[in-house]
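Report on the following structure.
Order of the sequence lines fixes the chain letters, A, B, ..., with proteins taken first and strands second; residue numbering starts at 1 for each chain.
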Amino acid sequence: MAQRFIDEIKRTHSCGELTAKDIGKTVVLFGWVHSRRDHGKAVFIDLRDRAGVTQVVFEPRFDEKAHELAGELRLEYVLGLRGVVESRGGNVNPKLPTGEIEVHVSELEIFNRSEPTPLLVEDEIDTDEQKRLAFRFLDLRRPVMQKALITRSRINQITREHFAGSGFLELETPFLVKYTPGGARNFLVPSRMSPGKFYALAESPQLFKQLFMVAGFDRYFQIVRCFRDEDLRLDRQPEFTQIDVEMSFVTQDEVFTAVEGLIAKIWKELLGVEIELPLQRMEFDESMRRFGNDKPDLRFGLEHVELTEVVRGHDGGGVPMLKEAVDAKGIVKAIRVPKVHSLSRKDLDELEKDAKGMGAKGLARAKIGEGGEWTQSPLAKSITPELRGAINAACGAEPGDLLLFQFGREAMVHAVLANLRLILGKKFGMIPPYGSGGQWRFLWVVNPPLFEFDEEAGTWVAAHHAFTRPHDEDVEYLETDPGRVKCYRYDLVLNGFEIGGGSIRLHKPDVQQRVFKALGISPEEAQAKFGFLLDALKFGAPPHGGIALGMDRVAMLVTGAASLRDVVAFPKTQKGTDLMTGAPGDVDDRQLAELHVKRSLE
RNA sequence: GGGGUGGUAGUUAAGCUGGUUAUAACGUCGGCCUGUCACGCCGAAGGGCGCGGGUUCGAGUCCCGUCCACCCCGCCA
C-alpha cells in the first residue's frame, strides 16, 4: 500500500532554504523534531534536517487533524508535512536563516517516533565522549557534526577537482599487502588460503605509488585509507585518510607547488581565507634549534635558546651538572619566560612534574634579579658570574624574567623543552583562538638528515623510509660521516600539526645500495624485504617524488575541531575500540581454525 | 609500559573538611495555555553515586584494587 508521504507527496525543499521570497508557496518538508513549543491551540515545532531548521506551526484553523497529532510530537520524531510558507510578521527570529518565515501545516505524518535520546541533539551540549561514541548515529545528527562531515566531503571533492584538473590520475592501490619492516606497526590479516601466512594492512601506498611512477603513470593521486597499529592520540586514529600524491620528473619545489595550490583552494573555498603562496620554509636544523621539534607551532614565541657552546666556553661555569652535560656530548637549552607571564611556585612544580614525565631529571630555573643575579634557582649559588652573565645575554633576559633550563641528551632536551613550550603557550593564552584571523601558520620543514643515530642499537637508522634521496653534495659522506647527510625530505606543518610529509625518492640502484650499506642492511636482506621495489629500480625508474597529506588532520584544522574524532564519522577510542559496534570482537574457534590461527590467551 | 583528569537520575552537572529520606536544570509522564523560538504555569515519576574490596557507629565523600573514557610520554610521520 502506498503511503501518503514519500510515495505520493515528494519533498520540495530542505529545512534550510525557505526565505521571504517563498511566501505563499505550498511546500513539503521532511525532517526531525529539533524542539517544540506547545501552546495548546498553537504548536510550534523546529524541524531539522542537514540543511538547517525551519519553524512549522500547527493550529486548528490550518488543519484540525494535523494540530491534534502535533500534540503527540516529541524530540527527534521524524516527520513529513505539507503546508504553506507564511511571513512571521513581527515575530522574525534573527538567529535562523529561515527566521523570516514559518510553515503553516495542513497535513502531517509521523514517520517514526523516538524514545528519549541518551544525548541531546544540540551543538553546545558538552556530552561525555563515551556516550557520543556509543550512540554515534545520534551524535552525528548534531548540526556541528554534520557541518564537519560536509566540510570533509568538500575537501575530498576539491582535492579531486584540483588534481584531476592538473593531469593527475586517480589510481588505487591494495590494502592487503606484504608486510615490509620498518615504520609503523601493521595490522595483520591471516590468510585462509596460505596457511600460516599473513597479509599486512597497508600503512600507506608508499611503495605502490612509486611503482606507478616506474610504470610511467607520471602523476598519481589517491584519497586513500591507511592503517597503523600504533597508540592513538587526538590527531591519530588507527585508520585514517591520506591525500596521496606522487610525481615523476619533478623537483621538490614542484611537489610543493602542487600541494600549495590544493591548500589555497581548500582554505579559500571553505574558510574564505587567502593563503599567501609560496608557504614559508624552514630548515629542519633551524626548527630543532628554535623549537625542539620538526613541527613547530609558529603562532607564538617562547623559542628555545641554545646555550651549549656558551656553557662549554665557560667549562660548565662552576656548575657540575652543566659541565657533565656538555662533557657527555649533551646539550644545554633554555626558554625565557618574560616577566609579564607570572608562574607560581605551584605552576613550576607542575611544570617540573610534566618535564619529569617526559624524561627530564628536573627543571632547573632562575628568576632574573635587578642586577642580573639569579634567585629561586638551584644553580644560583655555584654558577660563575661570567657564565650567568653570558646566559642572560644569550637569552636576552631582563629583570623579572624567568629562565627554564634543560640539559643532557639532545633528544631528551628537545622533547622536554618542545612540550614545555606548548604547555606554556597554552597556559599563557598565546595561541589565537580558532577563527580569530591570522592564525594559519603553514610551514615547510625541509632538508632533514637522512639518518639518525639509534643510541640503543649503536647504529645509524633511516630517519624516514630507506628510499629517500640524499642531497647530491652529501652522497660522498654516506660511508664516512652519515650524520652529515641531508636529504630531500619535507614535512608540511600547520600550527604545530604535521599535516603532510614526503620526499624525493632514490631512483638510482647504486646509491640505494650504499644507503643500505650505511644502514647495515645486506644486499640479501634488502632483496628479501624490498625486492620488488629494488627490481623496479633496475628497469628504468624515472626520478620521482611525492607527498601524502593527512586528510583528517586538514579537516580537523579547517573545521576547528578539538580532535580527529570530530571529523571522522565512526572513530575508535584511545584503546582502538568502537563503542558502538563493540569492535574488536570475539570470533569462534571454527573461524580461527579455518585461518590456521590459535589463541594464546588463557 | 608510564604520568594525569574524569565516571553521581535518560542527559548535563552540584554535593565543602565522611553524618538524617542524595540536589538542580533539561528531558520524560499528566494537566493548562494561540505567537513561541532557553515558551510559560501546576503536578508527578525517575538514581543510590562505574565495579569490587576495606577503614568507620556511619562513605559519592577516606584507602586499595579494577574497568571505561579523555589528555600526555613512550610508540607513531
A:Asp231 (side chain) and B:C75 (base): donor-acceptor pair under 3.5 Å: no
Sub-3.5 Å pairs of nitrogen or oxygen atoms, protein against nucleotides 41-49 of chain B:
none

Nucleic acid contacts of residues 491-504 of chain A, taken as heavy-atom distances under 4.0 Å to RNA chain B: A:Glu498
Selection residues 82-91 of chain A - residue pairs positive for salt bridge (Lys or Arg N to Asp or Glu O under 4.0 Å), sequence neighbours left out: A:Arg82-A:Glu107
Contacts of type side-chain contact (heavy atoms from CB on, under 4.5 Å), residue A:Glu283, not counting sequence neighbours: A:Glu286, A:Val446, A:Asn447
Residue pairs involving residues 404-414 of chain A (criterion side-chain hydrogen bond (donor to acceptor under 3.5 Å, both in side chains); sequence neighbours excluded): A:Lys333-A:His414
Under 4.0 angstrom between A:Asn419 side-chain N/O and B:C73 OP1 or OP2: yes
Contact list (N/O, under 3.5 angstrom) for nucleotides 2-4 of chain B vs protein:
none

Contact state string [nucleotides 24-29 of chain B, B base, S sugar-phosphate only, - no protein heavy atom under 4.0 Å]: ----SS
Partner set under side chain to side chain donor-acceptor pair (under 3.5 Å) for A:Trp32, not counting sequence neighbours: none
Any donor-acceptor N/O pair under 3.5 Å between B:C70 base and A:Arg565 side chain: no
Any residue meeting salt bridge (Lys or Arg N to Asp or Glu O under 4.0 Å) with A:Lys427, in chain and number order, not counting sequence neighbours: A:Asp347
Going by atom type alone, with no hydrogens or angles, which donor-acceptor pairs under 3.5 Å involve a side-chain atom of residues 457-468 of chain A and a protein atom two or more places apart or on another chain?
unit_1   : atom_1 : unit_2   : atom_2 : d
A:His464 : NE2    : A:Pro449 : O      : 3.4
A:Thr468 : OG1    : A:His465 : O      : 3.1

Results of side chain to side chain donor-acceptor pair (under 3.5 Å) for A:Arg228 - residues two or more places apart only: none
Under 3.5 Å donor-acceptor pairs involving side-chain atoms of residues 544-557 of chain A, not counting sequence neighbours:
unit_1   : atom_1 : unit_2   : atom_2 : d
A:His544 : ND1    : A:Pro542 : O      : 2.7
A:His544 : NE2    : A:Gln210 : NE2    : 3.0
A:Asp552 : OD1    : A:Thr241 : N      : 2.7
A:Asp552 : OD2    : A:Arg152 : NH1    : 3.0
A:Asp552 : OD2    : A:Arg152 : NH2    : 3.0
A:Arg553 : NE     : A:Asp235 : O      : 3.0
A:Arg553 : NH1    : A:Glu498 : O      : 2.7
A:Arg553 : NH2    : A:Asp235 : O      : 3.2

